[in-house]
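Single-structure report; data block below.
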Amino acid sequence: MQGVPGFNTVPNPNHYDKSIVLDIKPLRSLKPVFPNGNQGPPFVGCPPFGPSSSEYSSFFPFGAQQPTHDTPDLNQTQNTPIPSFVPPLRSYRTPTKTNGPSSSSGTKRGVGRPKGTTSVKKKEKKTVANEPNLDVQVVKKFSSDFDSGISAAEREDGNAYLVSSVLMRFDAVRRRLSQVEFTKSATSKAAGTLMSNGVRTNMKKRVGTVPGIEVGDIFFSRIEMCLVGLHMQTMAGIDYIISKAGSDEESLATSIVSSGRYEGEAQDPESLIYSGQGGNADKNRQASDQKLERGNLALENSLRKGNGVRVIRGEEDAASKTGKIYIYDGLYSISESWVEKGKSGCNTFKYKLVRQPGQPPAFGFWKSVQKWKEGLTTRPGLILPDLTSGAESKPVSLVNDVDEDKGPAYFTYTSSLKYSETFKLTQPVIGCSCSSSCSPGNLNCSCIRKNDGDLPYLNGVMLVSRRPVIYECGPTCPCHASCKNRVIQTGLKFRLEVFKTRNRGWGLRSWDSLRAGSFICEYAGEVEDNGNLRGNQEEDAYVFDTSRVFNSFKWNYEPELVDEDPSTEVPEEFNLPSPLLISAKKFGNVARFMNHSCSPNVFWQPVIREGNGESVIHIAFFAMRHIPPMAELTYDYGISPTSEARDESLLHGQRTCLCRSEQCRGSFG
DNA sequence: GGCTCCTCATCTCT
DNA sequence: CAGAGATGAGGAGC
């Protein structure tokens, strides 16, 4: 599945010359590591092939060189161990829903609710809560007490693994609440339940860097930064430490959030002008002069002391009208401060902050990507503006800024699956009979029913939970093409590029930031029947094979309650009636360029929909966590079950893994 | 407990 | 119908 498989056998990880890599470095995402010593990770990770993590070592190809931090930037986003959550997931689900009049689905999600009907809505909520509605059980569950698995010490001081775990758990809860909740603010509800149960880390306020958080990390709400200790204020823009109890004389600023909302905030990636807090006019009050207190005083003290201040840049989220993305842009120094008259005519404090040198570009890089997207500048190293020749809904750039290679070996771009005539799939799926759009909770919709009564997606883009299989509406369903249960069939949602890596052939990454759960692409190619493929599998580097052995991991998160029956747990791991083999050698899409990592940022999920009278299984790829722009997208290729049994790390057809994550098992394929 | 804060998601108006 | 403005719910920290 590599663009150039031979590149995967390059054994020396230390030969990169950082000076000749990309002009513009990709943003980093979270890169958790296990804490040293015997304290271990707070959550027990699932080892790939056995109960003991020592089994990794037999695959370890580079010996002591492996954990070097000389990791090329392109690889850094791949090094995150997949947090596995303990306690394990439990499903509240029973096979069918017992109730749920379809008329309530509109109102309970707040659609069409007239303004000023707060009391009516509260009554409505109560009524719903008394129904045997399983969605309500989810909400109830998330408001119960549960064991976070995080010790008091780990709540004070975190690490990369904890940060990643907390963020993944938060977003899993957020997605789940968004899916079943009918009130607003699933975000703050999710934060509330995690905070009250201690699912957070780095609570100790600190000046400077925060353990486990890297420059370039992205966040989709203020509360996420609060949960992992980057910026502990949910709303205030300035966070600071008070070192003397009861007095802010000695306070020091720790971090600021720049939303570009105040006048004077430049878009210069190397510096910014920040306005002090206070004095804002609200409904009942006139604007007033800002005072040298709290955050303003802390910034003033930090100017005098010269400590670095973390800066988070807020940007509009292109994927959501109201949403924002927050980019951690590293440490800045306050160079000067002054007072000037603001728009209201009142005194406003102003602080100039300058980015400290030697940090990887984050916000500046983001700005470059914006210019490429708007066509203001050309992507350096661009070979083809759209390698799909219009086969996809969005163009896919082909880029090489590392060597002279002009493109991958010839193949025919196809955005879908092709079948050999003899291939027989699973039993037919009967489509639904909805007239316009399938709605969650509507038991008359057979597609929704097969998904346990829920719409599996949010906003037409994000997968809510992993499942053994997802059912989408198919060609014979009468619902409209814009039905919310048609996601992977409607093609690419994000601006992707195929790019040349330095040592792993061609790879795939995104110009857009990807929120956890975002649909990236499906695996297109020729579906092979088993006999056909077994003969030449090892020669075909572009095969997707569900019969391989994959690292087990938990992505969903629902806390385990004490009085729960463990037998009600529904697995999230895929479960297919027979192995599925797709070859993308001759025909394929962008997925054929996605490289392997033992600690990937992308996972796959089977999706079934009806087509030509048969139910067709598709393999869809989703973002495991938030992925910053230009971070390479990788997934776990798995290991062939036949080669796994043999006691050799490099077999014919296997390739040395270069992901260099903590969990690297050394080879794959 | 009350107040503030560079919020968040939805609704309304243009 | 998109974009701006308004609105209510809401949480954390002091």
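Proteins come first, then strands; the chains are lettered A, B, ... in the order of their sequence lines, and each starts at number 1. Note: hydrogens, waters and symmetry copies are ignored here, and every other heavy atom, side chains too, is used.
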If you check every side-chain atom of [X], which of [options] has the closest atom?
X         : options                  : value
Gln277(A) : dG13(C), dC6(B), dG10(C) : dC6(B)
Arg294(A) : dG11(C), dT4(B), dA9(B)  : dT4(B)
Ser259(A) : dC6(B), dT7(B), dA9(B)   : dC6(B)
Ser221(A) : dG10(C), dC8(B), dC5(B)  : dC8(B)
Arg200(A) : dG11(C), dC6(B), dG13(C) : dG13(C)

*Tell me which of Gly278(A) and Ile223(A) sits closer to the 5' end of DNA chain B, going by the nucleotide each one is nearest to.*
Gly278(A)
*asked:* Quick check: on DNA chain B, is the nucleotide nearest Tyr326(A) upstream (toward 5') of the one nearest Ala236(A), or the reverse? Name the residue that is more 5'.
replied: Ala236(A)
*Evaluate the side-chain proximity of Phe220(A) to Ile325(A): yes if any heavy-atom separation is below 4.5 Å, no if none is.*
yes
*Would you say Arg176(A) and Ser465(A) make side-chain contact, with heavy atoms under 4.5 Å?*
yes
_Salt-bridge criterion met for Arg625(A) and Asp171(A) (N-O under 4.0 Å)_ = no
*Is Arg206(A) salt-bridged to Asp157(A), cutoff N-O under 4.0 Å?*
yes
_Counting only side-chain nitrogens and oxygens, does Thr187(A) get under 4.0 Å of the OP1 or OP2 atom of dA9(B)?_
yes
*Would you say Lys205(A) reaches dC14(C)'s phosphate, i.e. side-chain N/O to OP1/OP2 under 4.0 Å?*
yes
Send over the distance from [X] [atom1] to [N] [atom2], rounded to a whole Å.
X         : N      : atom1 : atom2 : value
Ile325(A) : dT7(B) : CD1   : P     : 16 Å
Glu316(A) : dG3(C) : CD    : P     : 11 Å
Gln290(A) : dT4(B) : CD    : C1'   : 13 Å

*With a 4.0 Å cut-off on heavy atoms, is Arg174(A) in touch with a base, just the backbone sugar-phosphate, or nothing at all?*
nothing
*Report yes or no: is there a donor-acceptor pair, N or O only, under 3.5 Å between the side chain of Thr234(A) and the base of dG11(C)?*
yes
